Amino acid sequence: MTTESTALYDVPGPSARRRHLLYGVASTAVILALAGWILYLLFDTGQFTSAKWSPFLYEGIQELLLRGLGNTLKAFACASVLSLALGAVLACGRLSDHRVLRWASTLFVEFFRAMPVLVMIFFVFVALKVQPLPALVTGLTLYNGSVLAEVFRTGVHSVARGQGEAAYALGMRKTQVMTHVLVPQAVRAMLPAIISQLVVALKDTSLGFLITYEEFLHAGKLIASNLDYDLPFIPVVLVISPIYIGMCMLLSWFATWVARRERRDPRAKAVDVAPAGGGGPPPGGR
Amino acid sequence: MDVLTDNFSLYGKGFLGTVELTVYASALALVLGFVMASFRVAPVGSFRVFGTVWVTVLRNTPLTLLFFAVMLGLPRFGLVLPFELFAVLALGCYTSAFVCEVLRSGINTVPRGQGEAARSLGMTFAQTLGTVVLPQAFRSVIPPIGSTLIALAKNSAIAGAFSVTELLGTYKTLSELGYNIVWTFVWIAVGYLIITLTISALFHVMEKRWGVAR
């Protein structure tokens, strides 16, 4: 499929197709050999001994993991709700008619987009001496709220100009134009990008691990450093990462699905629906 | 103010650590991203699958988890390297997935007709790629590559928490020395702003020079 949609290749003829098949078989063999080698390394270093996997049979440890997962989801829920709210407020500021308000929110957004999230989280945690959860949520909210403000603003600007002009011509005030005409369409257009940004927030909740918030990774660390089970580090990673990556992937796929749906929707006709960024676009602070 | 002047060498060391980490990891990310992008547009199916899996998995991995697995996991296989190298490896692999996507969408912005026209003029595959497709793709990927590398510079802060010398890690020493914690963080923030704004300016210049609006 890709071969047909780019400027790179001609449609392959019979001999080229045969050659590609040969390359395909050879490279599959190489990749499988690589996977086999990794599996061999795992066996060789004794990662599949029953002693290392036995902790997962205990109810207490399962509960510990589930509690960690719950804490991760709690931080994600708080951070996403708050950052959507902050994003909305900042977007209002940036789209305001008052110069002072506009400049203030621009400064705020640009500063927090250019800062590493971790610096903010550490600042709140160390300098303001708050608990890990509020520190994590504050840091995530400030960063993702600023990015979402830009997303909202781009969305409002992406609505076809005639829409706003028509609404003003009907005698609507700016607030009415925004709430009845521009914002509903903008949200429709930006929904995939918003969900992609929430994927970033979900991934970044793992930063809580670094400020001793008792989230999923922290629970894993506790199990992994247990001498009774022969330091089951690799088993812990093998259990934790599929769950973590799976959650993020589900949310990413949801974003892609929404994007495809919105693009077909006649109500999103006057806007360009933003593509879903998969794991979220790395937004640059500039 | 005297937090900075008293500890200039400490800040300098952290700052250079972050810059070093950013430069090496960017180089790795660009090379690996290029390889993965060529895998993803290759005519051979298994390469495409490999590239797609690489990108999908890494883009959905929390960077902290990746650091956790690389820093503490690889030594279990008898692979003992300095922490800096592990950090470069983790950051580079993570960012390569984003670079790959940027490059791939850059190649996809080149209209099909361009390649068809080049081939109908009798150009070989290498000529088509080198003189027609890639130069056009390059122009459109400059700004997104810039923001990817800025994100990488910001992500390098995580390495500090895994005992690699870099800018954010300096706060620990300074707070033990009893300096005002707020000012410590202000100067750390300034350091990061310098790095991100420099990358931003660099790519702005490159875009002015080579980027063409299409």
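This is a predicted model, so every value here is computed, not measured. Chain A is the first sequence line, chain B the second, and so forth, proteins listed ahead of strands; every chain is numbered from 1.
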- [ ] Can you measure from CZ (A:Phe209) to CD1 (B:Ile158) and round to the nearest 0.5 angstrom?
- [x] 11.5 Å

- [ ] For the residue pair B:Phe185 and A:Val126, establish whether any side-chain heavy-atom pair is separated by less than 4.5 Å.
- [x] yes

Task: Per-residue contact mode, B:Val57 against chain A (heavy atom under 4.5 angstrom) - done: both

Open item on the list: Which atoms of A:Leu210 are under 4.5 Å from chain B, going by heavy atoms: the side chain, the backbone, both sets, or neither?
Closed with: side chain

Task: Engaged part of A:Ile211 at the chain B interface, taking heavy atoms whose separation is under 4.5 Å - done: neither

Task: A:Phe233 versus chain B, the contacting section by heavy-atom distance below 4.5 Å - done: both

Task: Part of B:Phe162 lying under 4.5 Å from any heavy atom of chain A - done: side chain

- [ ] For the residue pair A:Lys203 and B:Thr61, establish whether any side-chain heavy-atom pair is separated by less than 4.5 Å.
- [x] no

Task: B:Ser156 versus chain A, the contacting section by heavy-atom distance below 4.5 Å - done: neither

Task: Rounded distance [0.5 Å steps], CG in A:Leu207 versus OG1 in B:Thr64 - done: 4.0 Å

Task: Between B:Val49, B:Leu58, B:Leu63, B:Leu72, the one whose heavy-atom pairs under 4.5 Å with chain A are most numerous - done: B:Leu72

Open item on the list: So for A:Val237, is it side chain, backbone, both, or neither that comes closer than 4.5 Å to the heavy atoms of chain B?
Closed with: side chain

Open item on the list: Heavy-atom pairs under 4.5 Å with chain B - which of A:Gly246, A:Ala127, A:Gly24, A:Ser206 has more of them than the others?
Closed with: A:Ser206

Task: A:Thr45, part contacting chain B, at a heavy-atom distance under 4.5 Å - done: side chain

TODO: Report yes if the side chains of A:Pro116 and B:Leu168 come closer than 4.5 Å at any heavy-atom pair, otherwise no.
DONE: no

